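Data block below; observations after.
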Amino acid sequence: MSESNNLYIYNSLRKTKELFKPLNPPFVGLYVCGPTVYSDVHLGNVRSFLTFDVVYRYLTYLGYNVRYVRNITDVGHLLNDSDDGDDKIEKRARLEKIEPMEIVQKYTNGFRDTVNQFNLIPPSIEPTATGHIIEQIEMIERIINNGFAYEVNGSVYFDVKKYSEKYNYGELSGRKIEEQLEQTRESLEGGQEKRFFADFAIWKKASTETIMKWDSPWGIGVPGWHLECSVMSTKYLGQKFDIHGGGMDLKFPHHECEIAQSVAADGKAPVRYWMHGNMLTVNGTKMSKSLNNSFLPHELISGDHPLLEKGYTAMTVRFFFLQANYKSTVDFSNEALKAAEKGLKRLMSGIETLNQLETSENSTIDINLIISKSTQSLNDDFNTPMAIAHLFDGVKMINSINVEKDTISVSDLEQLKKHYSSFVFDILGLTSEENNSSDDELPNDLMEIIINLRNQSKENKDWSTADLIRDKLKKLSIYIKDAKDSSTWEYEK
RNA sequence: GGUUCCGUGGCCGAGUGGCUAGGCAGUGCUCUGCAAAAGCAUCUACAUCAGUUCGAAUCUGAUCGGAACCUCCA
C-alpha cells in the first residue's frame, strides 16, 4: 500500500506526468464521458471505456474510495450547431420509426451488455442527460448571469469571445481562437444566430416536430451536449474533482467547452487531472462507422466480418488492448490479435501452474522483483504493457520452479499468488475463460471415456488406433494434448 | 492551412542519454511411440540526414512518411 503515494498520471492539461494527490483522500472522484446511445458501440469505444476501467480498478486496488461517474447521453447530442442541427437520437428514432426513448433504451441495453462482456466494472453512478434537465437549466442561468452567454431566438449560446477576454479558452487543446478566427471567417457569414464562430449552443430551441423537448426560461428546447457533463460531474463530484477521462477526440471541443462552462458558471476549473485515451485504428485510420471499418463486438467474437480471419474472445481483445499504452493509437490486425490470444493463454497457464507449485525451505528466486516492477509500471501512468511484460517474466520463474530448477518458500508462494490474483484478475480485469465448451458435464464425461480408450490403446502400443482417435477428434475441432501421464483436450473452433 | 502526436527487429508493442522490455512468429533443444501441446534457449532494431555529447533509438535542427483534432465521434 505504500505505493499508493507514488502514482503518476499524465495530465493532458499540462502535458506532463504528475504525482497523483486526491483532493480529499481517501476519496477520489472519477468522471468519464459515456456513450451517446443512438447506435451500437463499436470496438473503438470499448477500448476507451476499458482504459478507464483499469484506472478505476487500480485506484481501488491502491485503497482509494472511488466514486466513478460515467454518463449516458440520451439527449442533446446535436449533429451540428447550425440552426437546423438535429439531435442524433431524434434522427435515429425517425429512421427506425420508434420513440426516441426506445432508441435510448435499446442502445443503453446494448452498451451495458457489451461492456459487461469485456468485464468492465459498472460505474458507481451512471446518470443521464434527460434526468438532469433542471440542473442544466440552472447552470445556463448561472452562465447568463455571469455574462458569458446570450439568448437568440429561443436558443442560448456560450459567448466564447467574452469568456476568452477573461479566461483562457483553448488551454486544454492548445488552440488559439484568434488564429482560428482567420481561417474560419467565411463560415461566419451564414446569417447564423451565433455571434462568433466558436460560440456553442448550451440550449437549443426545439422545432414543433421534436419529440424530446423541455420548457425553459427561453422557451421549449433541448440542452446542449457539452453541458450535461459539466452539470453531472458538478452534481456528483463537486465543482472541483480529481480525474476526468475520455477519448482524445473529445478533447476539443467537448472537454474545452466543459471547462469553459464550469468556469463561467462557478468560477472554478473543474478538473485536476485530465486523461485522454487514444484511438483504435484499422490500417492506420481511426475506426469509425462512416468509414465502414468498425467492428461490433459480436462480429469480433463470431469472426463474422470481412476484415476478420476468425473470431476472438472478449478477453483476448481486452488483453490485446492492455498490451498497448492507452495514450498510443493501437492498430487492429489479425496477426496482432492472434499473438494476443496466445500470449493470454501463456499468462493464464502460468497462473494455473503457480497455483500447483510445490514449496521448499527457501526461495532461489526474487519474487519482490516481479512485484515491485509490475507495481512501478502501473504507478507510471497505468503502464499496462510494461506491467504485463513483468508478469511474463514472473511466468518464466514460475515455470522454472515447476521443473525444479528453482525453488520457492511457502510465504513467497503466498505472496506471489496474491500478487498475480490482484494484478491479473482484479486490476487488469482478465478472467480465465471457461475451459472446454460448457458447464454441461456430458461432454466432459464423454471425453473422459474417449481419452481413456485412447490411453489403453497407447498402453498396448496400438498406435494406429490411438492416432485414429486423435485425428477424428481433430476434425471435430477437439485437440488432444498429451502430457507425461495424462491427456487433456480442448475445443477450439 | 492551424494544433497535437507518431515513425523501434518478420508482426504487435515498451523504453526516452550509457546497463539495449515483453508477447507472437522463426530457429535450436528438452519432453514424447509419432505429432501436437508445454517448457527452455536464441537471432534479426531503433525512418533519413546533420548537429550537441566522452557516449543517442533516447536531446536539437532539417527532410521524408503517417495519424488524430480543428465539423459529430471513445
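Protein chains get the first letters and strands the later ones, always in sequence-line order, with residue 1 at the start of each. In this text the structure is predicted, and so the values were computed from the model without any measurement. Side-chain atoms are counted along with the backbone in the values below, which use heavy atoms only and exclude waters and symmetry mates.
- Between the CG atom of A/Leu296 and the C1' atom of B/A74 there is a distance of 15 Å, rounded to whole Å.
- A/Lys327 pairs by the side chain to side chain donor-acceptor pair (under 3.5 Å) definition with A/Asp381, not counting sequence neighbours.
- Listed candidates were B/G33, B/A14, B/C40. Nearest to the side chain of A/Lys405 is B/C40.
- With sequence neighbours left out, the salt bridge (charged side-chain N to carboxylate O under 4.0 Å, His left out) criterion links A/Glu90 to A/Arg94.
- Using a 4.5 Å heavy-atom cutoff, the side chains of A/Phe423 and A/Thr375 are in contact.
- The side chain of A/Arg175 approaches B/U3 more closely than any other nucleotide in the set B/U3, B/G39, B/G13.
- Screening residues 398-407 of chain A for salt bridge (charged side-chain N to carboxylate O under 4.0 Å, His left out) gives no qualifying pairs among residues at least two apart or on separate chains.
- At a non-hydrogen distance threshold of 4.0 Å, A/Gly44, A/Asn45, A/Ser48 from residues 43-53 of chain A come into contact with RNA chain B.
- Taking atom P on both nucleotides, B/G26 is separated from B/A21 by 22 Å, rounded to a whole Å.
- If you measure from atom CG of A/Asp471 to atom P of B/C34, you get 16 Å, rounded to the nearest angstrom.
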Short N/O separations, protein against nucleotides 19-26 of chain B, under 3.5 angstrom:
| unit_1 | atom_1 | unit_2 | atom_2 | d |
| --- | --- | --- | --- | --- |
| B/A25 | OP1 | A/Lys342 | NZ | 2.6 |

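- With rounding to whole Å, A/Tyr491 atom OH is found 19 Å from B/A37 atom P.
- Within the 4.5 Å cutoff, the side chain of A/Val231 has no heavy atoms near those of the A/Glu228 side chain.
- In this structure, A/His226 places its NE2 atom 11 Å from C1' of B/U71, rounding to the nearest Å.
- When distances run from any side-chain atom of A/Leu280 to the nucleotides B/A14, B/A74, B/C70, the shortest one goes to B/A74.
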- Item | Intra- and interstrand pairs of RNA chain B - dot-bracket, Watson-Crick/G-U under 3.5 Å, | marks other strand | (((((((..(((.....[...))).(((((.......)))))....(((((..]....))))))))))))....
